Amino acid sequence: MEREVVLEVVERGRRRLARRRAWRWGSHVMLAWGSAVLLLVLVRTIVPIALPFEWLAVGGLLAGMLSTLALAASWRIAPRLAAQILDLRFRCADRLATAVELITGVHPPTPLAPALIADAAQAAVSLDLSRGLPARPPRAFWAAALAVLLTVVTARGLVGVSLPGTPARDVAQTIKREGRRLERAGDTLEEQARVDRARLSRRIAPSIRRLGEQLQRERLDRSDALARIESLGRQVEEARRQAQARGMEAGQPPPPSQRNIPSDLFRRRAAADRTLRQMREIADRLAQSRSPEERAALMRQLADLAGGGPEGDVPARVREQAGAAREQMAAGDTAGARRTLQQSASDMDDLRAMLADEEGLQQAQRDLRRSADQIARGRPGAPAEGEETPRPAGQPGSVAPGSRPLPQGEGPAAEPPPGPNQGTTAGQGSPAEKLGDRTPRLEADKQQNRVRGLQGEGRVTTSDLLGPGRPGQVRAPQGRAVAAGRAEADRYLSRMRIPPEYREIVRRYFEALAAQR
Amino acid sequence: MDAQTFRSTYTTLREAMHRVIVGHGSLIEHVLIALFANGHVLLEGVPGLGKTLLVKTLAQVLDLRYSRIQFTPDLMPADIIGTNVMFQDPDGRRFFEFQRGPIFSQIVLADEINRATPKTQSALLEAMQERTVSAPGGPYILEEPFLVLATQNPIEMEGTYPLPEAQVDRFLFKLKLESPTVPELIEIMDRTTGPAAPPPGVVASGERIREMQAFAREVPVASHVKAFAAHLVRATHPRDETASSMARRYVRYGSSPRGAQALLLAGKVRALVEGRVNVSIEDLHALVLAALRHRVILNFEAEAEGVDPDEVIRSALAEVPSTPAASATWTS
């Protein structure tokens, strides 16, 4: 009976020891993890680090607890050694360990064995394992939990906080600056959309302005800022797709590429403007033309429009209406032809608004992308990786001259590129920002030729040319002038009556004059 | 004999001695432990601390034969073990008969043992270890219990012969006597300057002591306690890989295996004295200085720096782990 008591207490002690050891190990690992994440949170005020700190800390804590449970279930200790630890912890003077050895046969039998086992059983019964080996987590666990809590609180509290002069501060400043830029871009887009009657752009513009205000006002870290920009970018992309679909419904062909096509967009819009101007001009002239020559000229212009225009970029519906107007005009129905042209001009105007919508949305996309790139890089004013700034048509790219095929629409008829005080943001922004990056250097080999030799090497010849002086400034060799001045001074010194004690002073005076000359 | 009887006898014995001896609680305890462990004791202390009184009192309370040998430079081995003396019978025939010396007692006080020559000191070797005396007509077996308590003066070293290591190793304990405290001194004065107190009565017989000695050897010792004792002894060896830091520097020779034996045997007695029937590491802690201090031979550097063997042993005690390494304990 006493043997069972001893072994049962030792077994309970074994389990508690395994749990406590697992808790201790797990807690220290959790504490180290929590402290490391907390340190990273603090380091974030110096170096921009985009990590989900809260999830890392909480996830580490949960993983540590699961590992602790697994370790507690898997760790084993021999009963004899467990008894030693219990003896030590409960000050049993090695009673339990000796008794376990006697019970398990490690120790040879002795007449005192029954007395010893009874003594050990009495000691074992009096042990309060729950008090001496409590199942509660050790202090390190609470320290780890505190570290995780601190991490969560600090990670939320220090969002956007940065120390001066650190890369994190650069990122924060970049976010605010890009916020200002986006706010201006939103304003500009809204204004331009109002002028161009671009409905989708007008709907998106306040969102861009609000995002810019948020980037300036709120303390955001890089990942938050990028996430918001990306979210708005998706909205803009959706709107742009709608605009593009509407354009296609209206007979406008889709742009060849979805990205970085400012020149094409400018060209299509310029063509629409040109066609619209031409149609309105024809309509106006229809009301005023009386002579057969003028009517014939208008018929030719209508034929051109019906044929697609000189560039072939007149929409199909406009071509049809131009053809109908031409037929009406040929039939003598000038008023009908004029109404048809006015209707066509109205359609063209709608198409132009759609193009403006698309252009504005693409500009918004570029602004957002550029801001995202700048924030991702975290350096003020640095061009983003792979960024292609909107370059006016006709401006050479990074390819060598002559090797780049001339795109359609370029040439003398193409619209000039918008300058610093032109385009959709006239009078705003710096010229460097509006003109984009510097033109890349030509990839040509440069050879430097240097004439090698030693200075003063070879024969040197000098010659004096004597002759009448030329009018103007007189030039004479310096050596000769100094010698002449000195001789003149000597002559005066010998001829004039100069006190002997001042003669040397006067000589130095003239010599100083000669040296200055 | 059972543990309870052992303890009660011990307690009675100790109290009887305390009725005569003032103070020296630890000393009396160690002497009694050595007695029940069947070992000998080397007492080191200045004169006048009650060494002789302690031994005499022990002999009185145990009803054992007691003899005192005052060691002097001219003491001869025959003066200790005895010699053949010529006798003449009534018929006028002469014959030699072995006349037993003072060693043939059960409690022997070897007073100032370091004043005798090594030759005379060595006469005690066989008696202490083998408990026999080789002499013409012998060997003669000494009667149990047999306890030698030797004293030496640590101050007056001139004209002395320090005990050789082999001799010192025969002692179970080396005990140091401390000067009495003021209350103890007052108590000593009261007892010795007043009317003579009655001598203490007999508490236990020699037969009872022999039973207790045999009983103490039955006490079980856990394996880790034995391992601790072994590691402790090895830690006093300067060239051992487990040697303590002080042992490496200050020890010439570490403790012999007799040190471990003494430690464990005395530990068994102490466990019984403490009311246990198993040896604990605490027992070893309590006895290690007395059991090992005379077995650790210091080198010249230690003597030059005044290092005490007790410091070396404490260092070993602090550096030897009393529990197994955690890494070797757990498996998964």
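Basis for what follows: all heavy atoms, side chains included, without hydrogens, waters or symmetry-related copies. Just so it is clear, the structure is predicted and the values come from calculations on it, not from any experiment.
Of the two parts of A/Leu71, neither the backbone nor the side chain holds a non-hydrogen atom closer than 4.5 Å to a non-hydrogen atom of chain B.
For CD1 of A/Ile46, the number of neighbouring non-hydrogen atoms (other residues, nucleotides, ligands) closer than 6.0 Å is greater than 12. With a 6.0 Å radius and a threshold of 12 heavy atoms from other residues, nucleotides or ligands, B/Arg131 has its CZ atom above the threshold. Annotation: A/Arg156, atom CZ; neighbour count of heavy atoms from other residues, nucleotides and ligands within 6.0 Å does not exceed 12. Residue-environment remark: NE2 (B/His231) stays at or below the threshold of 12 foreign heavy atoms within 6.0 Å. Other residues, nucleotides and ligands place no more than 12 heavy atoms under 6.0 Å from the CD atom of B/Gln4. Counted within 6.0 Å of CH2 on A/Trp23, heavy atoms from surrounding residues, nucleotides or ligands total more than 12; the atom is thus considered enclosed. With a 6.0 Å radius and a threshold of 12 heavy atoms from other residues, nucleotides or ligands, A/Gln122 has its CD atom at or below the threshold.
A donor atom on one side chain and an acceptor atom on the other are found under 3.5 Å apart for B/Ser223 and A/Arg80.
Considering all non-hydrogen atoms of both residues, A/Ala93 and B/Ser280 come closest at O-CB, 3.4 Å. Taking every heavy atom of both residues into account, B/Pro220 and A/Leu116 meet most closely at CG-CD2, 3.5 Å. Counting all heavy atoms, side chain and backbone alike, B/His224 lies closest to A/Glu101 at N-OE2, 4.1 Å.
Atoms CG and CD1, on A/Leu88 and B/Ile281 in that order, are 7.5 Å from each other to the nearest 0.5 Å. Rounding to the nearest 0.5 angstrom, the gap separating the CG atom in B/Asn278 from the CG atom in A/Asp119 is 7.0 Å.
Considering only heavy atoms from C-beta on, B/Glu282 stays 4.5 Å or farther from A/Asp94 through its side chain.
Against chain A, the residues from residues 203-219 of chain B that qualify, each with a non-hydrogen atom under 4.5 angstrom away, are B/Phe215, B/Glu218, B/Val219 in number order.
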